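Worksheet: one structure, shown below.
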2 protein chains.
Amino acid sequence: MYMVENIDKYELILSSSRKLIEEIGFSALTMDRVAQKAGIAKGTVYLYFKDKDELLEKVLSSGFERMFKRIQDRVAKENGGINKLKALISENIDHIYENRYFFKTIFLDEVNVVFLKKKSKESFNLRRRRYADFIGEIIKSGIDSGEFRGGLGPAKGGYMLVSLIKTCAIYNFLNDRFEPTPEMIEKDAEEILNLFLHGISVK
Amino acid sequence: MYMVENIDKYELILSSSRKLIEEIGFSALTMDRVAQKAGIAKGTVYLYFKDKDELLEKVLSSGFERMFKRIQDRVAKENGGINKLKALISENIDHIYENRYFFKTIFLDEVNVVFLKKKSKESFNLRRRRYADFIGEIIKSGIDSGEFRGGLGPAKGGYMLVSLIKTCAIYNFLNDRFEPTPEMIEKDAEEILNLFLHGISVK
DNA sequence: TTGTATTATGACTTTAAAGTCATTATAATA
DNA sequence: TATTATAATGACTTTAAAGTCATAATACAA
């Protein structure tokens, strides 16, 4: 196996893999399908990528780099923590929705789910929802009773914010909201920022 | 294939699968290994579970039911939204740490990671950390400048809180904190509650 | 245009794990 | 104890996808 250096074909394979992941998910992704999607022979894929693992790694890392750069550029234009966070959240959400089918797979096909077939996936998601609703009821009664309206380390805070953004997207995906208007996206961003800055308490 | 109704053996297969998942993760779990772990023949596993999918589904759902019941019981003893949430968070964290190796697999072997080998997993986790640190820096400077210290739907709020708890655990797992003292667990619970109630802003 | 290097092909090999089933062992019953 | 029903076995079959490689096509250089 010699490594070939045709950047166009390399990118073709990457983008074909990406499209396939959007269409059929990770678990059904095979090297045969990748080759077929790219319109080349399977052997050719192996001229550009050592193995399937390397291909997946490149798909994920190139996607991440694009998103990260975009967010960094946007944030750099802002001053002050709140404005930076606000920009970061907006940009991140925009990016997720512009690549919604990719992120749908990334976010929803979690480990548990990936290894389950359709029916079991559904019951998995039902359980997730049951738990969320249970908490939802608590929150609701706290709101009704007028009760609701950091010592957090920075890196930990970062993880927390990322997870809120991701969770917001998952929530929308689970409720089949795939075509949000700019207003809905704006509202999501505000909700997340507000939660992260002020929590759910009143006052 | 006739279905056999020996509850002990059924549970034996479930617990063996669970142990295996803790030890080797989902991706390496095979029916041969399950049988070996349980000390029975592979065919026997199929007397109790239709297929691998059903086995995994039962492992996950039985784990969830146990956790959910435990949390419900604990929360039922409290009055008021804040107290209920506080109890819920504590109980959830306790449960996660009591079953830390199981949840480590569940939480860390996300879709992307599951299909990657060791080296690619590491770079995946590095990217996750890079992004978290980037946000961390923003938060840090906001704190330095004294800047930091809802309209959220209940169900969505529920998802958000679950994700904060999960993320807190992931953060500890990624930093190899597997044996937290009761004090550390208590601190985690407080941090999450505080974040969820008041956010990171000052005042 | 001829020879060499590079790139591409896809049939084939290998590997791995799911799922089956004829056979055997054990327990229950008469 | 003999007979039947239930449970267990593990070698075998099947399936699927990763990865290889001898051969062919194309681009490039002399």
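In what follows, every chain begins at residue 1, and chains take the letters A, B, ... in the order their sequences are listed. For clarity, every value in this text was computed on a predicted model and none was experimentally measured. No hydrogens, no waters, no symmetry mates; every other heavy atom, side chains included, goes into these values.
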Please check the phosphate of dA8(D) (OP1 and OP2 only) for any side-chain N or O of K9(B) closer than 4.0 Å. yes
R33(A) CZ to dA16(D) C1': how many Å, rounded? 12 Å
Would you indicate, yes or no, if dT9(C) has its OP1 or OP2 atom less than 4.0 angstrom from a side-chain nitrogen or oxygen of Y46(A)? no
Can you figure out which of dG10(C), dA18(C), dA8(C) approaches the side chain of A41(A) most closely? dG10(C)
Please report, rounded to the nearest Å, how far the P atom of dA8(D) is from the CG atom of L12(B). 10 Å
Test Y97(A) against F103(A) for ring pair (Phe, Tyr, Trp, His ring centres under 6.0 Å), laying out the working first. CA-CA 8 Å; Y97(A) 284 118; F103(A) 281 100; 9.4 Å; no
In whole angstrom, give the distance that lies between atom CG of L47(B) and atom P of dT6(D). 13 Å
Take the protein atom OH of Y48(B) and the nucleotide atom P of dG19(C), then report the distance between them rounded to whole Å. 18 Å
Once rounded to the nearest 0.5 Å, what's the spacing between atom CZ of R100(B) and atom CG of N172(B)? 11.0 Å
Whole angstroms only, please: what is the CD-P distance between E54(B) and dA18(C)? 15 Å
Pair K69(A) + D73(A), salt bridge at N-O below 4.0 Å: yes
Nearest of dT7(C), dT9(D), dA18(C) to any side-chain atom of I40(B)? dT9(D)
Classify L29(B) by what it touches in the nucleic acid, base, sugar-phosphate, or nothing, heavy-atom distance under 4.0 Å. sugar-phosphate
Contact nearer the 5' end of DNA chain D, comparing G43(A) with D32(A): D32(A)
With no angle test and no hydrogens, is the base of dA18(D) tied to the side chain of K42(A) by a donor-acceptor pair under 3.5 Å? yes
Interatomic distance, M31(B) CE vs dG10(D) P [rounded to whole Å]: 16 Å
With sugar-phosphate meaning primed atoms plus P, OP1 and OP2, does T44(B) contact a base, only sugar-phosphate, or nothing at under 4.0 Å between heavy atoms? base
F49(A) and K58(A) have their tightest heavy-atom pair at CE2-CG, 3.8 Å
In terms of ring plane angle, is the pair Y159(B) and Y171(A) parallel, tilted or perpendicular, where the classes change at 30° and 60°? perpendicular
Could you tell me how far apart D51(B) (CG) and dT15(D) (P) are, to the nearest whole angstrom? 16 Å
note: K52(A), atom NZ; dT14(C), atom P; distance rounded to Å ~ 21 Å
